[in-house]
Amino acid sequence: MQYISTRGGMQPQPFSETLLEGLAPDGGLAVPEQLPTVDAATLESWRGLSYSQLATEVLALFATDIPREDLARMCEAAYADFPDGVVPLRSIGGGITLVGLSEGPTLAFKDMAMQFLGQILEYVLEKKDSVLNILGATSGDTGSAAEHALRGKDRVSVFMLSPQGRMSPFQRAQMYSLQDANIHNIAVEGVFDDCQNLVKALAGDLEFKRAQHLGAVNSINLARITAQVVYYFWAWLRVTDAVEPEFRDGFEVSFTVPSGNFGNILSGFFAKGMGVPVRRLVLAANENNVLDEFFRTGVYRPRSAADTLATSSPSMDISKASNLERFIFDLVGRDATRVVGAWDDLAAQGFFDFSADQPRFGSEFGIVSGTSTHADRLETIRSVHETTGEIIDPHTADGVKVARSFVEQDVPMLVLETAKPQKFAETIAEAVGVDLEFSPELREMLAAPQKVVEMPDDEAALRGYIETHARH
Ligand SMILES: *Cc1c(COP(=O)(O)O)cnc(C)c1O
C-alpha cells in the first residue's frame with residue numbers, strides 16, 4: 001500500500017514515510033492510493049478478536065511496510081493502559097448507544113490514536129537511527145494526549161506550547177504534572193493563536209526544522225487517522241454480536257461524531273469505504289459550525305480566529321477543518337487538479353463552493369450534519385442524566401443532541417463518546433447541579449507538583465530553548 005498527496009505532487013510513499021511529516025511536500029495531505037477493502041467473511045472472522053488484535057488486522061492493511069509481528073506488539077502496548085476495557089459500548093435509550101473512546105490515560109478520544117502513534121514513531125525512529133522533537137501548540141486535549149503517549153520515549157521529545165492562564169486547572173494538571181525529562185511544557189504569555197503562530201514560524205524555517213529534527217503529531221497525521229478507523233470496525237462487531245448470525249451480513253448502523261478538525265469522522269468515512277456497513281455518518285458541530293454549514297450548503301467558509309467562539313465544548317472550537325481536504329479529494333473523484341482549484345478559490349475569495357454536489361454528500365457519501373448549542377448541551381446532559389443516571393461530557397452531549405434528530409427505526413445509532421465528564425466539571429455542575437467525584441488517581445494528579453516553563457511570546461526565546469533542550 002502506497003500513499004499519495006491530495007494535491008497530486010508527491011511520489012507514492014509507504015506508510016512509515018508519511019508519519020514524520022505533517023503536510024505532503026506539495027501542501028496536500030497523504031491518502032491511500034486505494035482504500036483497502038474487507039469482505040463480509042473477513043469481517044465476520046474478526047468477531048472473536050480482542051481490541052488490540054483487531055487493531056493489528058486493520059492497521060496491517062494500511063502499514064504494509066511494517067512486519068506483522070512488530071505491528072501486533074505495538075498494538076498490544078498501545079492499548080494496554082485502558083483499565084475499564086478499550087472501547088466499551090453502552091445504551092442510553094432512544095435507539096442510541098455510546099461508544100466509549102475516552103478510557104485512556106487522558107480521558108479523551110485522542111488517546112485512541114496517540115497511544116498507537118507513540119509506539120510507531122519510536123519504532124520508525126529506531127529503524128532510521130534518528131530522533132524527533134515534537135513541537136506543538138495546544139489548548140487542551142491534543143497536547144496532553146501527545147505527552148502521555150510520548151513520555152519516557154528514548155527517541156522523541158515533546159515541546160508543547162500552551163496559553164498561560166487559559167487552560168482549566170484539570171487540563172493544566174494533566175500536562176504539567178508529567179515529570180519526564182523528555183516532556184517540555186511551555187506556557188506562553190498569550191492566547192492559543194500566539195502559540196500556534198510561534199509553532200508555524202519555527203516549522204516554516206526549514207533549516208531550523210531540519211537542524212532540530214522538528215516534527216508534529218497534529219490531527220492530519222495519517223497514523224492517527226488509520227488508528228481511529230479501528231473502533232468503527234469494533235463498534236459494528238459489538239453491536240452485531242446481538243444480531244442473529246444470518247442477519248449480520250450488511251447489517252447497517254449509523255454513527256454520530258462530535259467534530260472539530262474532521263479527523264474522527266474522516267476515519268469513519270474510511271471505515272465505511274472499507275466495508276463496514278454504515279448507513280449514515282452524522283457530523284455534530286457546536287456553535288463553531290463551519291462544517292455543518294458545509295454539509296448543509298456545499299459552501300466551505302472557514303472563519304478567522306477572532307470569529308471563533310469559546311464554547312463549553314472547547315475541543316470542537318475549530319473554524320478551519322484541516323482534514324476536510326481528504327473528503328474533498330474523494331468528492332471530486334480523486335482529481336488532484338480540482339482539489340488544488342478549490343484551495344485556490346479559498347485563498348482568492350475566502351470560500352469554495354460545492355453546492356452543486358451537496359445533494360451527493362448524503363445520498364452517495366452518507367454524511368449529514370447538525371449543530372448543538374450551549375443550551376442544547378445542558379439540556380442533553382440533563383435529560384440523559386434523568387433517564388439513565390449517567391453523566392455525559394459536553395462534547396458527547398453535542399453528539400447525542402444532533403443524533404436524536406437522525407435516529408431511524410431499526411438502525412442502531414452509535415454516538416462516539418469523545419471525553420469523560422470529569423474533564424469538564426464546571427459545565428456538568430451547571431447542567432445537573434452535581435459536583436463530580438474524582439477518583440483517587442485524579443485527585444493525586446490534581447495535587448501533584450507541576451513542571452512548566454513560562455515564556456514571553458517571543459520567537460527568539462523559543463528557538464533558544466529548543467536548541468538547548470532538543471534531542472540531537
Ligand atoms: C479533538 C476532539 C473532538 C474533535 O475531533 P476531530 O477529530 O477534531 O473532529 C471532539 N471531542 C473531543 C473531546 C476532542 O478532544
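Start at 1 and go down the list; that is how both ligands and their atoms are numbered.
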- Message: Is it the case that the side chains of T308 and S319 hold a donor-acceptor pair, with the cut-off being a distance below 3.5 Å and no angle test?
- Response: yes

- Are the charged groups of R326 and D330 less than 4.0 angstrom apart, N to O? no

- One should read off an interatomic distance between L135 CG and S157 OG, to the nearest 0.5 angstrom, of 12.0 Å

- CD1 on I265 to CZ on F270, rounded to 0.5 Å: 12.5 Å

- Determine the interplanar angle of the F294 and F354 rings, folded into 0 to 90°, and report it as parallel if under 30°, tilted if 30 to 60°, perpendicular if over 60°. perpendicular

- Query: Does the side chain of S312 reach to within under 4.5 Å of the side chain of F424, using non-hydrogen atoms?
  - Reply: no

Ligand 1: which protein N/O atoms lie under 3.5 Å from its N/O atoms?
from	atom 1	to	atom 2	distance (Å)
ligand 1	7 (O)	G263	N	3.2
ligand 1	7 (O)	N264	N	2.9
ligand 1	8 (O)	N261	N	2.7
ligand 1	9 (O)	G260	N	2.7
ligand 1	9 (O)	N261	N	3.2
ligand 1	9 (O)	F262	N	3.2
ligand 1	11 (N)	T418	OG1	3.0
ligand 1	15 (O)	K110	NZ	2.5
ligand 1	15 (O)	D141	OD2	2.6

